[in-house]
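Heads up, the thing below is written out as structure tokens.
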Amino acid sequence: MAESMKGMHRTCRVAEVTEEMIGKEITLMGWVQKSRNKGGIIFVDLRDRSGIMQLIFDSAKTDQETYDKAAKLRSEFVIAVKGVLQKRAGEANTKLTTGNLEVQVSYLRILSESEVPPFQIEENSKTKDEIRLQYRYLDLRRPDLQRNMKLRSEVAYYTREFFHNEGFMEIETPMLGKSTPEGARDYLVPSRVHPGSFYALPQSPQLFKQLLMCSGYDRYIQLARCFRDEDLRADRQPEFTQIDMELSFVDVDDVIDVNERFLKYLFKKTLNVDVKTPIPRMTWIEAMNRFGSDKPDVRFGMELVDVSDVVKDFDFVVFKNALAKRDGSVRGINVKGQGDMGRKQIDKLVEMAKGMGAGGLAYIQLKTDGTVKSSFAKFMTEDQEKALIEKMGGEKGDLLLFAADRNKIVWNVLGQLRLHFRDELHLVRKDDFNFLWIVEFPLLEWSDEENRYMAMHHPFTMPMEEDWDKIDTDPGSVRAKAYDITLNGNEIGGGSVRIHQDDIQEKMFQVLGFTKERAWSQFKFLLTAFKYGVPPHAGLAYGLDRLVMLMAQADTIRDVIAFPKVKDASDLMTEAPSRVEQKQLDELGLEVPPEEK
RNA sequence: GGCCCAGUGGCUCAGAUGGUUAGAGCGCCGCCCUGUCACGGCGGAGGUCAUCGGUUCGAUCCCGAUCUGGGUCGCCA
């Protein structure tokens with residue numbers, strides 16, 4: 001039976017008691033974590049978001065009615081107790097911050113009873129995601145999720161504080177906007193007033209923040225909700241939050257400077273971690289050549305080695321074909337100490353490589369017994385083999401893996417294998433925070449599918465002045481004033497300097513295959529705004545969820561989002577998305593497929 | 001959309017060449033216990049072995065499809 005809390009007032013959270021309160025009567029409220037009835041004395045662990053406090057019901061000291069009531073307490077009952085805070089009479093519990101304290105209860109109210117929960121409310125739950133998410137309100141009671149939510153709240157707080165002190169203004173941009181077919185799929189919202197017309201939920205506030213620069217707001221920040229109707233991943237949700245910013249009268253170094261100070265401040269305040277500044281910078285091409293990734297994990301070696309020159313005369317058709325391709329190369333990695341790997345495991349690696357788009361994976365095993373086994377031994381002379389091993393720095397016991405194809409594929413295959421071995425061989429520590437800027441991204445990326453160049457970042461990204469003269473002759477070689485901030489091999493943010501000169505913008509649209517008409521119909525408001533005095537500006541956006549995930553050392557982004565969605569973008573708790581009543585559809589002038597039975 | 005993994009009491013898992021009563025730990029219920037805190041002792045309840053179909057004398061186990069969840073590729077300017 002649920003009782004009222006009338007007349008009772010919570011003194012503080014259960015683990016927020018102080019030494020001065022010892023001997024005083026206090027009132028606590030929370031959930032029953034656990035009850036241990038010894039017969040004659042009952043111990044109850046009372047839990048709230050601050051922690052746990054042990055309650056004592058002693059048959060010799062409490063009245064019979066209270067004692068009998070205490071005997072009825074079960075897990076997750078919500079109770080209010082009045083009693084004297086005291087030093088523990090028995091052994092202290094070193095695992096609790098309140099382990100040397102307890103409350104001798106004189107008065108108990110059961111504010112709410114609870115059914116037996118479907119899983120135990122405890123740290124490091126092994127319960128499968130499906131059930132946790134169905135009962136998310138119970139899952140969120142678990143201490144590890146409460147810690148993550150607290151960290152997330154603090155990240156948001158210190159972010160606002162830092163940027164406020166730096167003169168940034170937080171300005172909200174619309175959730176109901178205009179659909180732009182470039183980029184990710186939009187979530188669409190039908191308009192009742194304009195049947196057949198749709199708003200789109202924002203993928204990012206990109207264009208609005210540029211307009212705010214046109215309006216003179218100088219330094220803008222927003223913790224912005226964004227939406228992308230694409231498939232989910234362990235680190236990707238359909239709705240997510242960005243720390244979104246834009247600055248006027250700045251260049252690359254200015255954006256990097258304020259953000260390095262931000263990261264230093266944030267990590268110190270929230271995790272007490274010292275971020276060393278300046279954060280190192282690496283160009284995109286160096287990252288790709290050395291690590292096969294534009295978000296390299298540089299905490300360990302196993303760097304890519306370009307062996308194209310060494311193998312160019314090998315009588316191996318796979319290598320020859322690769323080198324004949326545009327942007328083709330042969331590169332390898334040296335997996336130290338794995339030369340004795342079994343055939344089965346190697347086959348698995350080859351399969352992995354094929355899954356990443358490679359035709360296969362060539363290898364040389366330098367076994368510890370001194371023998372050498374290679375998948376392409378018959379296509380090279382002994383001297384050639386020796387030269388290749390030497391180029392790779394191969395020693396007894398090493399495994400040399402080679403990919404041959406267009407650079408894009410070679411980088412991807414070896415870059416991913418490198419990460420595979422990082423995890424397999426435990427080459428890094430999780431609590432190590434290694435930041436790295438990646439700069440000088442290519443401006444454009446060729447799309448085979450569209451048969452044209454696409455913007456690597458977005459169409460408003462400023463090219464590097466020194467490359468601009470190559471925009472007609474060799475567009476693929478033009479670098480952009482774009483930058484990403486990475487942490488331990490994850491992209492946590494990215495941005496660019498934006499184009500503010502209309503002649504460059506016009507040329508960009510032309511290169512991207514936009515007709516003047518299409519560019520104008522799509523971005524009329526922006527292009528018009530740019531006619532009325534636009535300052536040079538640049539910005540950056542962090543993925544807040546992914547950042548907090550890494551800070552919390554969580555394995556999935558779901559663990560830092562209160563109410564996340566599952567793989568098919570549905571919510572197991574609310575069962576959204578759901579069908580709606582015909583009346584709603586009629587008002588919108590919409591027809592939808594009939595429900596499947 | 002493709003590929004891979006998983007689905008057995010409330011939770012986490014084990015299991016059987018295909019054969020009587022499918023096990024364990026935790027949780028739950030009852031009784032006992034005045035210093036426990038992974039409390040302890042005794043007793044007990046609880047299972048369409050994800051669903052549908054096939055093979056078989058017989059299927060939780062083999063086969064196929066489906067569903068659910070996870071990972072990943074495509075996708076994510």
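What separates CG of A/D129 from P of B/rG71 is a distance of 7 Å, to the nearest Å. Per the geometry, CE belonging to A/M356 stands 16 Å off P belonging to B/rC4, to the nearest Å. Atom CD1 in A/I121 sits roughly 13 Å away from atom P in B/rU12 (whole-Å rounding). The nearest whole Å value for the distance from the CD1 atom in A/I52 to the P atom in B/rC39 is 11 Å. A straight line from NZ of A/K408 to C1' of B/rG74 spans 12 Å, rounded to a whole angstrom. The CG-P distance, from A/D294 to B/rA77, rounds to 13 Å in whole Å. Atoms CZ (A/F514) and P (B/rA77) sit 14 Å apart, rounded to a whole Å. The NZ-P distance, from A/K567 to B/rC76, rounds to 18 Å in whole Å.
Using a 4.0 Å heavy-atom distance criterion, A/L572 is classed as a sugar-phosphate-only contact. Residue-level contact check: A/I131 touches the backbone only, with heavy atoms under 4.0 Å from sugar-phosphate atoms and none from bases.
Of all nucleotides present, only B/rC32 satisfies the Watson-Crick or G-U wobble test against B/rG40, with each distance under 3.5 Å. Of all nucleotides present, only B/rU68 satisfies the Watson-Crick or G-U wobble test against B/rA6, with each distance under 3.5 Å. Across all strands shown, B/rG25 forms a Watson-Crick or G-U wobble pair with B/rC11, both key distances being under 3.5 Å.
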request  = For the pair A/L444 and A/V478, evaluate side chain to side chain contact (heavy atoms under 4.5 Å, CB included) and give the outcome as yes or no after the intermediate values.
outcome  = CA-CA 7 Å; A/L444 304 163; A/V478 177; 5.6 Å; no

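The aromatic rings of A/W411 and A/W284 sit perpendicular to each other, their planes meeting at more than 60°, with 30° as the lower class boundary. Classified by interplanar angle (parallel below 30°, tilted 30° to 60°, perpendicular above 60°), the ring pair A/F119/A/Y135 is perpendicular.
Sequence neighbours left out, the pairs with a member in residues 55-74 of chain A that pass salt bridge (charged side-chain N to carboxylate O under 4.0 Å, His left out) are A/E3-A/K69.
Side-chain to base pairing of A/R233 with B/rG74: one donor and one acceptor N or O lie within less than 3.5 Å of each other. One N or O donor and one acceptor, one from the side chain of A/R236 and one from the base of B/rC75, sit under 3.5 Å apart.
A donor-acceptor contact closer than 3.5 angstrom is absent between the side chains of A/Q210 and A/E246.
Within the 4.0 Å cut-off from OP1 or OP2 of B/rA38, not a single side-chain nitrogen or oxygen of A/R36 is found. Applying the 4.0 Å criterion to OP1 and OP2 of B/rU68, one finds that A/K128 has every side-chain N and O outside that range. Contact annotation: A/R546 side-chain N/O to B/rC76 OP1/OP2 distance is not under 4.0 Å.
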When you compare the protein's N or O atoms with those of nucleotides 24-31 of chain B, which come within less than 3.5 Å of each other, and at what distance?
residue : atom : partner : partner atom : Å
B/rC26  : O2'  : A/Q120  : OE1          : 3.4
B/rC26  : O2'  : A/Q120  : NE2          : 3.0
B/rG27  : OP1  : A/K34   : NZ           : 3.2
B/rG27  : O4'  : A/Q120  : OE1          : 3.4
B/rC29  : OP1  : A/R74   : NE           : 3.0
B/rG30  : OP2  : A/R74   : NH2          : 3.4

Please write out each protein N/O paired with an N/O of nucleotides 33-35 of chain B under 3.5 Å, distance rounded to 0.1 Å.
residue : atom : partner : partner atom : Å
B/rC33  : N1   : A/K38   : O            : 3.2
B/rC33  : O2   : A/K38   : O            : 3.4
B/rC33  : N3   : A/N37   : O            : 2.9
B/rC33  : N3   : A/K38   : O            : 3.4
B/rC33  : N4   : A/N37   : O            : 2.8
B/rU34  : OP2  : A/G39   : O            : 2.2
B/rU34  : O5'  : A/G39   : O            : 3.2
B/rU34  : O4'  : A/G39   : O            : 3.2
B/rU34  : N3   : A/D58   : OD1          : 3.4
B/rG35  : N1   : A/E102  : OE2          : 3.0
B/rG35  : N2   : A/G90   : N            : 3.4
B/rG35  : N2   : A/E102  : OE1          : 2.5
B/rG35  : N2   : A/E102  : OE2          : 3.2

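For A/E123, the CD atom counts as densely surrounded, since its 6.0 Å shell holds more than 12 non-hydrogen atoms of other residues, nucleotides or ligands.
Nucleotides B/rU60 and B/rA22, compared at atom C1', are 9 Å apart to the nearest Å. Nucleotides B/rA24 and B/rA16 are separated by 15 Å at their C1' atoms, to the nearest Å.
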